[in-house]
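One structure is given here, and the rest of the page talks about it.
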Amino acid sequence: MKTLNNLQLRELFHLEFLRWLSKKLRPAYYALKGGVNMRFFFNSFRYSEDIDLDIGGIEVLRLQDLVMNILRDNDFKSSFKPFGIEEVIPPDIAKAKQTETTQRFKVHLI
């Protein structure tokens, strides 16, 4: 298997996270924005390590719980092992720059 660079690993993580999120939460409740959106949908050179979501029709705490449950899920985390990511460390929500409409999630990949 070809070794992926750090940018490719981060993008792999973002895509897989969004796939899991779409299974847990109707897309009508959130919109991807920021650098991840620009890169994936507009082929931008802009890059972001965190995922920015605009939300509506869902409580902030419910979204945060859904996201944290995905990030802590053993099946989710183990799906990255074949690519050399041994650990997915969830963010500290209390330290994240959050608003009532924009939620940011930055994880550490080891």
Contact between [X] and [Y] at the side-chain level, heavy atoms closer than 4.5 Å - yes or no?
X     : Y     : answer
His14 : Ser48 : no
Ser79 : Phe13 : no
Arg39 : Arg46 : no

Minimum heavy-atom distance [X]-[Y], with the two atoms named:
X     : Y      : result
Leu4  : Phe83  : CD1-CD2, 3.8 Å
Glu86 : Lys81  : O-NZ, 3.2 Å
Pro90 : Val107 : CA-CG1, 4.2 Å

query = Listed by chain and number, what are the salt bridge (charged side-chain N to carboxylate O under 4.0 Å, His left out) partners of Asp50, not counting sequence neighbours?
reply =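 For Asp50 there are no salt bridge (charged side-chain N to carboxylate O under 4.0 Å, His left out) partners, ignoring immediate neighbours.
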Within one Ile-Leu-Val-Met-Phe-Trp-Tyr cluster: [X] and [Y], side-chain cutoff 4.5 Å:
X     : Y     : answer
Phe76 : Leu15 : yes
Leu66 : Ile89 : no
Leu12 : Phe41 : yes
Met38 : Phe45 : no

Residue of the set Leu9, Leu109, Ile85 for which side chain to side chain contact (heavy atoms under 4.5 Å, CB included) holds with Phe80 =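 With Phe80 as partner, side chain to side chain contact (heavy atoms under 4.5 Å, CB included) holds for just one option, Ile85.
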task = Would you check, one step at a time, whether the test side-chain contact (heavy atoms from CB on, under 4.5 Å) holds for Ser22 with Tyr30?
result = CA-CA 10 Å; Ser22 70; Tyr30 66 95; 3.6 Å; yes
key: Atom CG of Asn5: over 12 foreign heavy atoms under 6.0 Å   =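 Enclosed: over 12 neighbouring heavy atoms sit under 6.0 Å from CG of Asn5.
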inquiry  = Counting only heavy atoms from other residues, nucleotides and ligands, does the tally under 6.0 Å from CG of Asp92 exceed 12?
reply    =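 Enclosed.
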query = Any sub-3.5 Å donor-acceptor pair from Lys77's side-chain atoms to Val88's backbone N or O?
reply =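 Answer holds: no.
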Qualifying residues under side-chain hydrogen bond (donor to acceptor under 3.5 Å, both in side chains), relative to [X], sequence neighbours excluded:
X     : result
Glu16 : Arg19, Trp20
Arg10 : none
Ser44 : none

Please tabulate, for the side chains in residues 51-65, all donor-acceptor contacts under 3.5 angstrom to protein atoms that are two or more places apart in sequence or on a different chain.
| residue | atom | partner | partner atom | Å |
| --- | --- | --- | --- | --- |
| Asp54 | OD1 | Lys33 | NZ | 3.4 |
| Asp54 | OD1 | Thr102 | OG1 | 2.7 |
| Gln64 | NE2 | Gln103 | OE1 | 2.7 |

key: Residue pairs fulfilling ring-ring contact (aromatic ring centres under 6.0 Å, His included) with at least one residue in residues 87-110, sequence neighbours excluded   =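 The answer is none; no pair qualifies.
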key: Approximate separation, where rounding is to 0.5 Å, of Leu71 CG and Leu21 CG   =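 Between Leu71 CG and Leu21 CG, I get 9.5 Å after rounding to 0.5 Å.
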